[in-house]
**Student:** 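Below you will find the structure I want to go over with you.
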Amino acid sequence: MSEKSPRLRAELDGIPTYKPGKPAAAGGPVAFKLSSNENPYPPLPGVLESVVAAAGHFNRYPDMACTGLVNELAERFGVPVEHIATGTGSVGVAQSLIQSTAGPGDEVIYAWRSFEAYPIIVQISGATPVQVPLTDGDVHDLDAMFEAITERTRLIFVCNPNNPTGTAVRRAELERFLDRVPSDVLVVLDEAYKEFVRDLEIPDGIELYRNRPNVAVLRTFSKAYGLAGLRVGFAVAHEPVAAALRKTAVPFGVSQLAQDAAVASLRAEDELMGRVGSLVGERARVYGTLLAQGWTVVPETQANFVWMRLGERTADFAAACEKAGVVVRPFAGEGLRVTIGEPEANDLFLHTAEAFFKEL
């Protein structure tokens, strides 16, 4: 009798594997990780204490409804509690959005290059990804995205600011796009880096969602709030969409430690914004120094990273950074993304960039 392997879905064959930011090397003289857009600061005041207290009860299931966190978010953003759904980071909520809207035969539109989880979660659902190239300035081409809509389109991701380029779509252009999209197509404004935005012309997605039933907003506690290891994100959407997200979420997916830490983080926003302000200042310094060195850098990044389009030089530059003790995030043949970290890490990266540029 011949043995056969278990039958797996054929759709899995073509799904790319998510590549996390490479960790900093151990044992070297210096090891800084600027590859995952993490916040370099320790937990905000009160957060660690809340996690330690919750840890004493992790023999129990967490509150599946995330009641305390949802109530805090509803008050913070001035939205009904019924309009909030939580998940394991914003990517977990994004996957629930796909599961709630799209399956075999359906299409999901997003820009490319953008967040590399999009093609993965779309193909897992059996839906067809529709990638629309960024403009020459590495910004979403909303006109082209609109033209890509068909009767099979179910969802559109707009990553704003965009990962990994840091570029963002401004209010007038985004509102014009939203007003043109058919009302039965869900538009998801992925705002994982919203707290780092300083351009006043870049809108707050939550304000745009209020009178648009087909708009949902994704946010996360992983970036500015520094809770990347606890995995908690949320969506703000009108009741039918939010209810569908709660149906498709993994039961008990958000731990009580994560819930309590998120609540404590929301209550420490004054300290948070001070830290974010410091990172934005470092962002400007890194960007300005790269320009002074002679690099061509995508302008006006609104996230906690910079994007360098290096083409075939990408791998060599990433290797030079790693050798120097700082790890960045290369995208082979395209460019690399460098997280804004602590000043010492940024200085090391800039020193490496200067030396590399001189050898070109």
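Note that the structure is predicted; figures quoted are calculated from it, not measured.
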**Student:** On the 0 to 90° scale, with breaks at 30° and 60°, tag the F356-W295 ring pair as parallel, tilted or perpendicular.
**Tutor:** parallel

**Student:** So do the side chains of F331 and T314 get within less than 4.5 Å of each other, counting heavy atoms only?
**Tutor:** no

**Student:** How about F252: does its CZ atom have over 12 heavy atoms from other parts shown lying under 6.0 Å from it?
**Tutor:** yes

**Student:** Salt bridge or not for R113 and E334, using N-O below 4.0 Å?
**Tutor:** yes

**Student:** State, yes or no, whether a side-chain contact exists between S35 and V327 at a heavy-atom distance under 4.5 Å.
**Tutor:** yes

**Student:** To check you understand the geometry: which heavy-atom pair defines the closest contact between M145 and A111, and what is its length?
**Tutor:** CE-N, 3.9 Å

**Student:** For R176 and D143: C-alpha separation, side-chain torsions, deciding distance, then whether salt bridge (Lys or Arg N to Asp or Glu O under 4.0 Å) applies.
**Tutor:** CA-CA 10 Å; R176 175 174 171 268; D143 287 337; 2.9 Å; yes

**Student:** Give the minimum heavy-atom separation between A237 and A242, together with the two atoms involved.
**Tutor:** O-CB, 3.8 Å

**Student:** Taking the ring of Y193 and the ring of F305, is the distance between their centroids below 6.0 Å?
**Tutor:** yes

**Student:** Does the pair K223/E191 count as a salt bridge with the N-to-O cut at 4.0 Å?
**Tutor:** no

**Student:** Does the side-chain contact (heavy atoms from CB on, under 4.5 Å) test come out yes or no for C321 and F349, once each step is laid out?
**Tutor:** CA-CA 7 Å; C321 289; F349 164 72; 3.9 Å; yes

**Student:** For residues V215 and V181: do they belong to one hydrophobic cluster (side chain heavy atoms under 4.5 Å, members Ile, Leu, Val, Met, Phe, Trp, Tyr)?
**Tutor:** yes

**Student:** Output yes when a side-chain donor or acceptor of T67 lies under 3.5 Å from a complementary backbone atom of D63, and no otherwise.
**Tutor:** no

**Student:** Please tell me if the side chains of L189 and L218 come closer than 4.5 Å, counting only heavy atoms from C-beta onward.
**Tutor:** no

**Student:** If hydrophobic clusters are built by linking Ile, Leu, Val, Met, Phe, Trp and Tyr wherever their side-chain heavy atoms come under 4.5 Å apart, do W112 and W307 end up in the same one?
**Tutor:** no

**Student:** Compute whether any side-chain donor of one residue and acceptor of the other, for Q123 and Y118, lie under 3.5 angstrom apart.
**Tutor:** no

**Student:** Could you tell me whether the side chain of R246 and the main chain of I84 form a donor-acceptor pair under 3.5 Å?
**Tutor:** yes

**Student:** Using every non-hydrogen atom in the two residues, find where A261 and L230 come nearest and quote the distance to one decimal.
**Tutor:** CB-CD1, 3.6 Å

**Student:** Could you tell me if T301 and R283 have a donor-acceptor pair between their side chains, going purely by distance under 3.5 Å?
**Tutor:** no

**Student:** What orientation do F221 and F234 show, parallel under 30°, tilted 30 to 60°, or perpendicular over 60°?
**Tutor:** tilted

**Student:** I'd like to know whether L69 forms a side-chain contact (heavy atoms from CB on, under 4.5 Å) with L266, so could you lay out the CA-CA distance, the side-chain angles of the two residues, the decisive distance to 0.1 Å, and finally the verdict.
**Tutor:** CA-CA 9 Å; L69 175 57; L266 286 169; 4.1 Å; yes

**Student:** Look only at the side chain of R7 and the backbone of K4, and say whether a donor-acceptor pair between them is shorter than 3.5 Å.
**Tutor:** no

**Student:** Decide salt bridge (Lys or Arg N to Asp or Glu O under 4.0 Å) for D106 and R152; before the verdict, give the C-alpha distance in whole Å, the side-chain angles of both, and the deciding distance to 0.1 Å.
**Tutor:** CA-CA 5 Å; D106 298 326; R152 297 195 297 167; over 6 Å; no

**Student:** Take R285 and E282 through the salt bridge (Lys or Arg N to Asp or Glu O under 4.0 Å) test and state the conclusion after the steps.
**Tutor:** CA-CA 5 Å; R285 183 176 74 88; E282 278 293 287; 2.9 Å; yes

**Student:** If you apply the rule side-chain contact (heavy atoms from CB on, under 4.5 Å), what do you find for E271 with V47, and how did you get there?
**Tutor:** CA-CA 12 Å; E271 176 73 18; V47 173; over 6 Å; no

**Student:** Heavy atoms, side chains only, cut-off 4.5 Å: are N160 and D190 in contact?
**Tutor:** no

**Student:** Any link between F157 and F115 through a network of hydrophobic side chains (Ile, Leu, Val, Met, Phe, Trp, Tyr) touching at under 4.5 Å?
**Tutor:** yes

**Student:** When I340 is tested against each of V286, N37, N39, V280 for side chain to side chain contact (heavy atoms under 4.5 Å, CB included), which residue passes?
**Tutor:** V286

**Student:** Strictly distance-based, threshold 3.5 Å: is any side-chain N or O of R219 a donor or acceptor partner for the main-chain N or O of V236?
**Tutor:** no

**Student:** Under 3.5 Å, side chain of Q99 to main-chain N/O of S125, donor-acceptor pair present?
**Tutor:** no

**Student:** Side-chain heavy atoms under 4.5 angstrom apart, residues restricted to Ile, Leu, Val, Met, Phe, Trp, Tyr: same cluster for L350 and F357?
**Tutor:** yes

**Student:** Are side-chain heavy atoms of E342 and Y41 found at a separation under 4.5 Å?
**Tutor:** no

**Student:** Side-chain donor-acceptor pair under 3.5 Å between Q302 and T167, yes or no?
**Tutor:** no

**Student:** If only atom types and distance count, is the side chain of H351 paired as donor or acceptor with the main-chain N or O of N346 below 3.5 Å?
**Tutor:** no

**Student:** Should we count CG of D179 as having more than 12 external heavy atoms under 6.0 Å?
**Tutor:** yes

**Student:** For a quick test of reading the model, state the closest non-hydrogen atom pair linking A192 to S90 and the distance between them.
**Tutor:** CB-OG, 4.5 Å

**Student:** Are the side chain of T220 and the backbone of S222 linked by a donor-acceptor contact shorter than 3.5 Å?
**Tutor:** yes

**Student:** A quick test of your reading: do over 12 heavy atoms of other residues, nucleotides or ligands sit less than 6.0 Å from CD of E75?
**Tutor:** no

**Student:** For R212 and E207, what are the C-alpha separation, side-chain angles and deciding distance, and is it a salt bridge (Lys or Arg N to Asp or Glu O under 4.0 Å)?
**Tutor:** CA-CA 10 Å; R212 291 179 171 87; E207 296 307 314; over 6 Å; no

**Student:** Output yes when a side-chain donor or acceptor of E49 lies under 3.5 Å from a complementary backbone atom of G46, and no otherwise.
**Tutor:** yes

**Student:** For the backbone of L34 and the side chain of R329, can you confirm whether one donor and one acceptor N or O come within less than 3.5 Å of each other?
**Tutor:** no

**Student:** Using the side-chain contact (heavy atoms from CB on, under 4.5 Å) rule, take F146 and I156 through it: C-alpha gap first, then chi angles, then the decisive distance, then the call.
**Tutor:** CA-CA 9 Å; F146 174 75; I156 303 170; over 6 Å; no

**Student:** Using a 6.0 Å cut-off, check whether atom CG of D270 has over 12 heavy atoms from anything other than its own residue.
**Tutor:** no

**Student:** Kindly say whether S114 contributes a backbone atom to a donor-acceptor pair with the side chain of N162 at under 3.5 angstrom?
**Tutor:** no

**Student:** Any link between F77 and M273 through a network of hydrophobic side chains (Ile, Leu, Val, Met, Phe, Trp, Tyr) touching at under 4.5 Å?
**Tutor:** yes

